[in-house]
Chemist: 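Structure incoming, see below.
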Amino acid sequence: MPPPVFRFAPSPNGYLHLGHACSALLNFDLARAAGGRFLLRIEDIDATRCRPEFEAAIYQDLGWLGLTWETPVRRQSEHFDAYREAVEKLRASGLIYPSFESRTEIARLVAQQQSAALWPHDPDGAPLYPGDAKSLSPEERKRLISSGVPYALRLDMTAACAQAKDLGWTELGEGLDGERGAVTARPEDWGDVILARKETPTSYHLSVVIDDALQGVTDVVRGSDLFWSTSVHRLLQSLLGLPQPLYRHHPLMTDASGQKLSKSTGAMALRELRAAGATPADIRERVQLP
Ligand code: GLU
């Protein structure tokens, strides 16, 4: 049996905090305990938010924590062709269509619905796509695209679910409501998700699935905020003929008021804790890892 493969996949759009340390250390420890491999992946598809100094800080902070990882590190921004190829495959199966509404227009379309207050939202809290771009004629699509307006490439969720039925995964950790063991995927909860945009030929969901497959990841260990994203990941794996990893979602680190740690809620960065005299052992203790 080849050794299991774990990965920590941060986005360099801010400094790492205790929540990241928890995820990185857990992946590293599990890989070690299983005689497996540990990979680091830089999820930098969003050129407007990712910065080289944050990436440099990731290497520095993880090194300080005592982690080692295989090189070269995969940086998603260097692999747009792989993601384009996957989008093309889905498009050839008739599962992708372009939509042209901005976020503001989407909010307006939702507000116009008779049942606006009951309009469904995805697990991340965004309203499901309310537009009718799926029924635009090929000529109209061509005309809009060549006019230069921004667009998003969406997955036709109804058609996709018809092609990939009865999906699920093995959860070794726990979802936000304590789900564990054999979990049934609910990709339809996400509506027609965006898989790529005019200016970025991929999305979080698509690149994570492609990379986990290309890197041979067998065990996805990450925070439980991504638990229901796994539904979309399982759907894409099925549509693209990719292997299914095991999943282990871990509880999120929270602050004193029970809020998920994040830069926006003022979580202290690892580098600030280090500057204030914390040691790697202190960090392990704070994230409750031996
Ligand atoms: N890049 C994602 C994040 O920073 C994690 C992706 C994953 O582990 O699937 O939240």
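In this text the structure is predicted, and so the values were computed from the model without any measurement. When a ligand or atom number is given, it counts from 1 through the structure's own listing order.
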Chemist: Quick one: does Phe8 get within less than 4.0 Å of ligand 1, heavy atoms only?
Modeler: no

Chemist: Which of the numbered atoms in ligand 1 are under 4.0 angstrom from any heavy atom belonging to Glu43?
Modeler: 1 (N), 2 (C), 5 (C), 6 (C)

Chemist: Looking at His20, is its backbone amide N or carbonyl O close enough to the side chain of Ser23 to form a donor-acceptor pair, meaning the two atoms are under 3.5 Å apart?
Modeler: no

Chemist: Quick check against the 3.5 Å criterion: does His121 have a side-chain atom that pairs as donor or acceptor with the backbone of Trp119?
Modeler: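 Judged by distance alone, yes, a pair lies under 3.5 Å.
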
Chemist: What is the nearest protein non-hydrogen atom to atom 10 (O) of ligand 1, stated with its residue, atom name and distance?
Modeler: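 The answer is Leu226 CD1, 4.2 Å.
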
Chemist: Checking side-chain polar atoms at under 3.5 Å, does Tyr129 have a donor or acceptor matched by the opposite partner on Asp122?
Modeler: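 Per modelled atom types, Tyr129 and Asp122 side chains form no pair under 3.5 Å.
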
Chemist: Number the atoms of ligand 1 from 1 as they appear, then name those within less than 4.0 Å of a heavy atom of Val208, with their elements.
Modeler: 9 (O)

Chemist: In terms of side-chain heavy atoms, does Arg7 have a donor or acceptor partner in Gln215 at a distance below 3.5 Å?
Modeler: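 Not at all, the side chains of Arg7 and Gln215 share no donor-acceptor pair under 3.5 Å.
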
Chemist: Geometry only, no angles: is Ala9 polar-contacting ligand 1 at N/O separations under 3.5 Å?
Modeler: yes

Chemist: I'd like to check which ligand 1 atoms, numbered from 1 as shown, lie under 4.0 Å from a non-hydrogen atom of Ser11.
Modeler: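 So the answer, numbered in order with elements, is 1 (N), 4 (O).
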
Chemist: With a 4.0 Å cut-off on heavy atoms, is Arg7 in contact with ligand 1?
Modeler: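 Yes.
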
Chemist: Where the side chain of Ser224 meets the backbone of Gly175, is there a donor-acceptor pair that is under 3.5 Å apart?
Modeler: no

Chemist: Does Trp190 have its ring centroid less than 6.0 Å away from the ring centroid of His205?
Modeler: yes

